[in-house]
Amino acid sequence: MTAKPKYDILKLSDLKLDPYNPRLPKSLHGQNETKIIEYMLLDASLIELMLAIGENNFFPGEQLLTVKDTDDKYKVIEGNRRLSAVKLLSNPELATVQKTKIEKVLEETKHRPQDIPCLIFNSESEIHNYLGYRHITGIKEWKLLEKARYLNGLRIENYAHIPIDQASREIAKIIGSRMDYVRRILIGYEIYSIIEDEAFFKIRDLNDTTFHFNYIADSLNKANITEFLGVDFTSEKPTEHLNEAKLKKWSKWLFEKNEQNRTRLIGTSTDLSKLNKILGNESARNAWDDKGLDLDRAYELTEDVSQIFSESIKKSIEYLEQADNIVHRINEFYVELDEDLTSIRKLTAKIKNTKDTAEDEKF
């Protein structure tokens, strides 16, 4: 039977940050305290947390979850943001950024906690079940890549010897989630790891802090994208036959920016759904992949042409109604307005003529 964690008040000087915290980018794993605190200051709203603790003191009900490390200090597995805030309140010299804001916090607050309430566990693994529920399913959400990194670590630590479906089922029980969700995140992390190992295919400005993991997770919900990438959900090793050349294309479509600082594809549900239909249609896929047609033009080559047509007409009406609503507020019209209005009249007449001709040919 696992021993219960022990509650104790520990000295701040005896507590240290976890350099392998799943919430940290992998590029920061193993870095020193200064680097970790710098990242948190820029990304994790530590200033607000410092202000709250400095004003109200450390709340006894928010114990840090710790394990004793080999150097006889205690490594904080849960509560690294709170520990960073408390460290900065007492040692502002740890900060390499946000120094002015930190000075203001110190001027406006009085509490500098030194005695910190903690729960001491025998091992890190004893904390995992609690963290799994709280951060994966509970109210204090991690970013999706952080969740994926944590779930992957949990699988490696406890379920590396069994197939991914079975591992996903066991992990889902621990965190109170669905097996298919866990499996998709684990497979997505395998794909992400390949991209990471390939140095993000040398796409400019793409790294573990700018990568949107939800693009992978959402893509794996689309059958044609999954097939394009070579992922097989029915296999015990779903990424065994992953097509890295196509994975590189997928990555560039979503992350490589042109001279106008735009990507070919945005990772929204709408764009990914369009891509999914394009990849399932040979003509559309060739137009998109080989000829470089833009997303909407390639999408027009799928079987949803009638829907695209009706949506285009309705959007045009919406924009024209918007212009009509504000025309009385315009003091000076742009030079090409008359020419554009003439073009609109010609286009509507042409569309109606084409529609009438098509209907006449039916009889």
Side-chain angles (χ1 to χ4, degrees), residues 22-23 25-27 43 141-152 180-233 238-302 304 308 311:
R23 300 191 75 174
K26 192 173 180 181
S27 56
D43 188 68
E141 287 289 312
W142 284 358
K143 294 177 182 177
L144 192 52
L145 179 56
E146 295 164 356
K147 294 181 182 182
R149 187 178 287 122
Y150 171 79
L151 291 178
N152 184 68
D180 57 338
Y181 169 79
V182 173
R183 181 181 61 170
R184 183 157 52 91
I185 296 302
L186 288 174
I187 294 171
Y189 191 78
E190 288 183 8
I191 296 172
Y192 168 79
S193 296
I194 293 171
I195 296 172
E196 188 177 54
D197 287 344
E198 292 295 325
F200 298 93
F201 298 117
K202 296 182 171 58
I203 298 173
R204 181 168 54 90
D205 297 330
L206 185 61
N207 54 52
D208 59 349
T209 65
T210 58
F211 190 93
H212 298 290
F213 186 83
N214 61 295
Y215 291 179
I216 292 180
D218 292 344
S219 290
L220 291 179
N221 256 338
K222 315 290 185 187
N224 295 326
I225 299 179
T226 301
E227 183 179 351
F228 175 79
L229 294 174
V231 176
D232 183 3
F233 277 96
T239 62
E240 184 177 15
H241 301 295
L242 185 79
N243 189 317
E244 290 194 23
K246 290 183 176 179
L247 179 61
K248 182 177 181 179
K249 284 184 178 181
W250 176 90
S251 300
K252 288 193 170 186
W253 292 341
L254 283 159
F255 295 104
E256 189 170 65
K257 296 179 180 179
N258 59 19
E259 293 179 356
Q260 288 74 43
N261 204 35
R262 295 179 180 177
T263 57
R264 287 194 71 194
L265 184 67
I266 301 173
T268 61
S269 176
T270 299
D271 274 18
L272 288 175
S273 293
K274 287 182 178 180
L275 177 66
N276 188 56
K277 290 193 174 183
I278 288 169
L279 294 179
N281 180 287
E282 185 176 357
S283 296
R285 184 174 65 248
N286 291 338
W288 163 261
D289 191 12
D290 298 335
K291 298 178 182 178
L293 218 61
D294 68 50
L295 187 72
D296 289 333
R297 300 291 79 77
Y299 183 60
E300 289 173 1
L301 299 176
T302 69
D304 292 326
I308 295 169
E311 288 178 354

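When a residue number appears, it is its place in the shown sequence, counting from 1.
Under the side chain to side chain donor-acceptor pair (under 3.5 Å) criterion, the residue pairs touching residues 283-293 are Lys249-Asp289, with sequence neighbours excluded. Legend: side chain to side chain donor-acceptor pair (under 3.5 Å) pairs involving residues 256-268, not counting sequence neighbours: none detected.
The side chain to side chain donor-acceptor pair (under 3.5 Å) check on Ser269 picks up nothing, with sequence neighbours excluded. Considering only residues two or more places apart in sequence or on other chains, Trp253 meets the side chain to side chain donor-acceptor pair (under 3.5 Å) condition with none of them. Residues satisfying the side chain to side chain donor-acceptor pair (under 3.5 Å) criterion with Asp232, sequence neighbours excluded, are Thr234.
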Result block: side-chain N/O donor-acceptor pairs under 3.5 angstrom for residues 185-195, not counting sequence neighbours:
unit_1: Glu190; atom_1: OE1; unit_2: Thr239; atom_2: OG1; d: 2.7
unit_1: Glu190; atom_1: OE2; unit_2: Arg155; atom_2: NH1; d: 2.9
unit_1: Tyr192; atom_1: OH; unit_2: Glu196; atom_2: OE2; d: 3.2
unit_1: Ser193; atom_1: OG; unit_2: Tyr189; atom_2: O; d: 2.9

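Annotation: the span from Leu272 atom CG to Leu295 atom CG amounts to 9.0 Å, rounded to 0.5 Å. Taking OG of Ser273 as the reference point, atom CG of Asn224 lies at 11.0 Å (rounded to 0.5 Å).
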> Under the side-chain contact (heavy atoms from CB on, under 4.5 Å) criterion, do Asp218 and Lys222 qualify, and how do the steps go?
Replying inline: CA-CA 7 Å; Asp218 292 344; Lys222 315 290 185 187; 5.5 Å; no
>> Run Phe213 and Lys143 through side-chain contact (heavy atoms from CB on, under 4.5 Å) and show every step you take.
In response: CA-CA 9 Å; Phe213 186 83; Lys143 294 177 182 177; over 6 Å; no
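Aromatic ring centroids of Phe255 and Tyr215 lie under 6.0 Å apart.
We find that Glu300 and Arg297 are joined by a salt bridge, their nearest charged nitrogen and carboxylate oxygen being less than 4.0 Å apart.
For the residue pair Ser27 and Asp208, a side-chain donor N or O sits within less than 3.5 Å of a side-chain acceptor on the partner.
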